[in-house]
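These notes are about the structure you will find just below.
In each ligand, atom 1 is the first atom listed, and ligand 1 is the first ligand listed.
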Amino acid sequence: MLKAIYPGSFDPVTFGHLDIIRRSSKIVDRLVVGVLNNNAKMPLFSVEERVRMLEEVTKDFKNIAIVPFEGLLVDFARKLDAAFIIRGLRAITDFEYELQMSQTNHKLEPGVETMFLTTSIEYSYLSSTTVKEIAAFGGDISQFVPEVIGKALKEKMKVKRSV
Ligand code: PNS
């Protein structure tokens with residue numbers, strides 16, 4: 001059985017992530033979406049919220065599991081016996097960071113490869129960070145995230161403003 005991990009922060013999941021999930025789920029038998037649990041990154045959504053949102057927007061896919069992880073990605077990959085890690089590449093600006101990460105991971109665990117899917121052109125500009133910024137200023141994010149994520153973002157921004 002060919003199993004891969006698609007890791008990320010998913011804070012929150014966007015149409016760009018979903019595009020990579022959809023395309024990679026066709027290549028492998030089982031795709032584990034690994035959700036980083038790292039409070040040092042100060043995520044807007046808790047790991048439980050990010051997992052729940054991913055479960056909701058991927059519920060129609062049959063070969064996907066959403067699993068939170070802490071610590072090193074290669075340890076997580078080893079634990080799951082995943083054949084490779086999948087990452088999406090948007091523009092050239094992603095390349096340096098992604099190259100460094102994949103080469104470091106390969107040094108740490110030569111048995112785990114990283115495979116890159118280039119993001120579909122319509123999502124090449126999209127990031128969770130810009131979506132959060134647009135939402136924070138009350139902008140329309142409906143073309144960037146599924147409706148349920150847009151609602152969750154609006155709620156979160158309301159809570160943030162009230163504290
Ligand atoms: O969505 P992101 O924030 O770009 O995802 C980054 C992620 C989660 C893939 C990366 O930060 C990661 O793998 N973190 C786990 C810690 C780790 O293994 N670090 C060494 C890799 S260089």
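Ion pairing of Lys158 with Glu155 is present here, as a side-chain N (NZ or NE/NH1/NH2) and a carboxylate O approach within less than 4.0 Å. By the 4.0 Å N-to-carboxylate-O rule, Asp94 lies too far from Arg87 to be salt-bridged with it.
Contacts of Phe69 classified as ring pair (Phe, Tyr, Trp, His ring centres under 6.0 Å), with partners at least two apart in sequence or in another chain: Phe76.
Sequence neighbours left out, the pairs with a member in residues 67-84 that pass salt bridge (charged side-chain N to carboxylate O under 4.0 Å, His left out) are Asp75-Arg78, Arg78-Glu109.
Hydrophobic cluster of Met101: the remaining members, joined at side-chain heavy-atom separations below 4.5 Å, are Tyr97, listed by chain and number.
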Would you mind listing each N/O atom of ligand 1 next to any protein N/O under 3.5 Å, plus the distance?
| unit_1 | atom_1 | unit_2 | atom_2 | d |
| --- | --- | --- | --- | --- |
| ligand 1 | 1 (O) | Ser9 | N | 2.9 |
| ligand 1 | 3 (O) | Ser9 | OG | 2.6 |
| ligand 1 | 3 (O) | Lys41 | NZ | 2.9 |
| ligand 1 | 4 (O) | Arg87 | NH2 | 3.0 |
| ligand 1 | 5 (O) | Arg87 | NH1 | 3.3 |
| ligand 1 | 18 (O) | Leu73 | N | 2.8 |

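Judged by distance alone, the side chains of Asp19 and Ser120 do bring a donor and an acceptor atom under 3.5 Å apart.
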